[in-house]
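The chains referred to below are lettered A, B, ... by the order of the sequence lines, with proteins before strands, and numbering in each begins at 1. Since the structure is predicted, the reported quantities are computational estimates derived from the model, not experimental observations.
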Amino acid sequence: MEHANPTFELFGMYGNWSNILMLAVTTLIVFLIAFIATRNLKMKPTGMQNFMEWIMDFVKGIIKSNFDWQTGGRFHVLGITFLMFIAVANVLGLPFSISYDGVLWWKSPTADPTITMTLAVMVIILTHYYGIKAKGMKGYAVDTYLKPMPFLFPLKIIEEFANTLTLGLRLYGNIYAGEVLLGLIAGLATSSVFGFVGAIIPAMAWQGFSLFIGGIQAFIFVMLTMVYMSHKVSADH
Amino acid sequence: MSFDYLVLGASGHDGLNIWDILATLFFFILLMALLKKVAWGPLMGIMTQREELIASEIAAAENSRGESQRLLEEQRDLLKEARTEALAIVENAKKQGDASREEIITTARSEAIRLKESAIREIDTEKERAIAAVREEVVSLSVLAASKVLEKEVSEEDNRALIEATIAKAGEVK
């Protein structure tokens with residue numbers, strides 16, 4: 001049950017080979033899906049092209065519910081990539097996990113807080129960047145920290161950190177919890193014949209549910225990204 | 001069973017996983033850049049292209065609809081015109097037919113009258129001629145008869161005058 005991580009130290013900085021491996025696998029899978037789906041593009045879409053176009057329209061819908069397309073269009077690529085990257089990362093740990101010598105190698109990369117927090121911090125930094133770009137330094141500072149009331153300034157500061165934390169930890173918590181429960185069910189299944197029979201139904205139910213959670217969490221992540229982005233970029237918020 | 005491994009950040013060392021952070025950023029940004037180049041860009045391109053195609057198709061359909069409407073109107077007008085023209089032609093023909101019928105009838109009628117008149121005239125002439133001939137015959141017969149009866153007493157001239165007067169009187173009585 002108890003897994004160690006394949007950590008390493010290089011130039012005084014720590015790393016986790018398992019995380020890096022799974023990130024590479026996620027990147028490769030997302031790239032292959034998107035790459036294969038967009039070969040041989042046609043005016044009249046078929047098969048995989050339909051699927052990709054559906055994803056694009058889906059993200060477009062998320063963006064349009066937060067900004068007008070004129071300002072929001074430039075985040076389209078970011079949104080689609082996030083959606084697919086996180087969805088694939090979330091489901092990678094579902095079918096199995098691989099550990100070798102008590103070291104966990106195969107898991108969802110999003111079941112690691114370092115990775116989800118990195119993505120969350122990246123999103124928040126991007127929102128501040130685009131906020132400054134859209135409104136200028138002064139407009140950004142006033143809109144972000146002094147509205148609606150100047151005395152709410154401390155709360156606004158806290159809000160920024162809270163947003164970052166919740167964005168990253170929500171994703172991490174959901175996926176990690178799913179993996180822990182799957183691990184427990186797998187432990188039950190390998191304990192005895194009765195355990196295996198008893199574990200079939202919960203395992204299937206929980207995998208199906210985790211698949212659903214994985215999709216939902218990807219959607220929520222993209223949705224919140226666009227919400228925070230529109231708070232910083234749009235003038236009327 | 002120990003749940004220590006559930007604790008956040010229980011990765012076996014105290015430092016932050018800087019390499020993980022760098023790897024996350026690296027892979028994500030690499031993926032976004034690559035996909036923008038090979039997948040999203042072309043896909044967005046074709047979607048925009050399709051939007052334009054649809055818009056232009058709609059415009060073209062609108063155009064041709066207007067065109068066909070116009071042509072239909074034109075055809076309808078032409079048909080109406082042709083119909084009135086045909087009616088006029090039929091009317092004309094009927095009128096002309098009526099006129100020529102009248103003319104033929106009139107001609108026939110006048111011809112008949114003329115024929116009848118000439119026939120009557122001919123009959124009258126013939127009648128006159130026949131009466132004159134009969135009268136002549138009667139006179140000479142009477143003269144003959146009287147001369148046979150009276151022989152010498154009356155000269156032929158006196159006798160003739162007498163008889164003619166008698167016959168004329170008889171003609172008046174008749």
Side-chain angles (χ1 to χ4, degrees), chain A residues 1-5 7-17 19-20 23-24 26-28 30-31 33-39 41-45 49 52-53 55-57 76-78 80-82 84-85 104 109 112-119 121-122 169 172 176-177 180 184 187, chain B residues 1-69 71:
Chain A
M1 251 348 273
E2 198 166 341
H3 294 299
N5 287 317
T7 50
F8 65 95
E9 191 186 339
L10 190 64
F11 306 129
M13 299 187 286
Y14 294 101
N16 182 343
W17 282 123
N19 281 345
I20 293 170
L23 283 168
T26 309
T27 305
L28 189 68
V30 172
F31 178 77
I33 291 175
F35 185 74
I36 291 167
T38 51
R39 288 316 86 194
L41 288 172
K42 290 193 211 81
M43 272 296 184
K44 224 173 116 186
Q49 194 188 337
M52 293 314 297
E53 288 191 3
I55 289 181
M56 293 192 84
D57 280 338
H76 202 186
V77 168
L78 181 77
I80 305 165
T81 314
F82 258 131
M84 287 195 69
F85 186 82
L104 181 65
D112 187 292
T114 316
I115 290 171
T116 60
M117 284 310 294
T118 307
L119 293 177
V121 169
M122 186 174 104
L169 293 184
Y172 159 70
Y176 186 62
V180 167
L184 289 175
Chain B
M1 191 185 281
S2 160
F3 287 99
D4 280 354
Y5 64 98
L6 295 181
V7 175
L8 195 69
S11 48
H13 58 80
D14 296 328
L16 191 61
N17 289 348
I18 301 286
W19 285 115
D20 289 0
I21 292 170
L22 293 179
T24 309
L25 289 174
F26 169 73
F27 279 119
F28 185 79
I29 290 165
L30 174 77
L31 180 70
M32 195 158 74
L34 272 180
L35 286 187
K36 186 174 183 179
K37 189 120 185 95
V38 304
W40 309 145
L43 195 60
M44 282 170 187
I46 204 144
M47 284 170 89
T48 323
Q49 218 171 316
R50 184 184 307 136
E51 260 165 43
E52 279 162 12
L53 179 77
I54 289 171
S56 75
E57 287 292 302
I58 287 173
E62 203 85 5
N63 267 356
S64 60
R65 206 176 67 102
E67 179 79 2
S68 56
Q69 191 72 25
L71 282 177

Chain B: which of Thr27(A), Leu28(A), Ile20(A) shares the most heavy-atom pairs with it under 4.5 Å?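 The residue among Thr27(A), Leu28(A), Ile20(A) with the greatest pair count is Thr27(A).
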What residue, out of Thr26(A), Val121(A), Asp112(A), Ile80(A), has the most heavy-atom pairs lying under 4.5 Å from chain B?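 The candidate making the most pairs under 4.5 Å is Ile80(A).
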Within the 4.5 Å heavy-atom criterion, are [X] and [Y] side-chain neighbours or not?
| X | Y | result |
| --- | --- | --- |
| Met47(B) | Met52(A) | no |
| Glu53(A) | Ile46(B) | yes |
| Val38(B) | Phe31(A) | yes |

Ring centres under 6.0 Å, that's the criterion: do Phe85(A) and Phe27(B) meet it?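 So the answer is no for these two rings.
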So for [X], is it side chain, backbone, both, or neither that comes closer than 4.5 Å to the heavy atoms of chain B?
| X | result |
| --- | --- |
| Met56(A) | side chain |
| Ala177(A) | neither |
| Met117(A) | neither |

What verdict does the side chain to side chain contact (heavy atoms under 4.5 Å, CB included) test give for Val77(A) and Met44(B), after you've listed the backbone C-alpha separation in whole Å, the side-chain angles of each residue and the deciding distance to 0.1 Å? CA-CA 10 Å; Val77(A) 168; Met44(B) 282 170 187; 3.8 Å; yes
My understanding is that only one of Leu78(A), Val30(A), Leu23(A) makes a side chain to side chain contact (heavy atoms under 4.5 Å, CB included) with Phe28(B); could you say which?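 Considering Leu78(A), Val30(A), Leu23(A), a side chain to side chain contact (heavy atoms under 4.5 Å, CB included) with Phe28(B) is found only for Leu78(A).
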Taking all heavy atoms of Ile21(B) and all of Thr114(A), pick out the closest pair and write down the distance.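 Closest approach of Ile21(B) to Thr114(A): CG1-CG2, 3.6 Å.
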Specify which of Leu22(B), Leu31(B), Leu53(B) makes the most heavy-atom pairs with chain A at under 4.5 Å.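 Result: the option with the highest number of such pairs is Leu31(B).
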Rounded at 0.5 Å granularity, tell me how far CZ in Phe26(B) sits from OG1 in Thr118(A).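 Taking CZ in Phe26(B) and OG1 in Thr118(A), the distance rounds to 15.0 Å.
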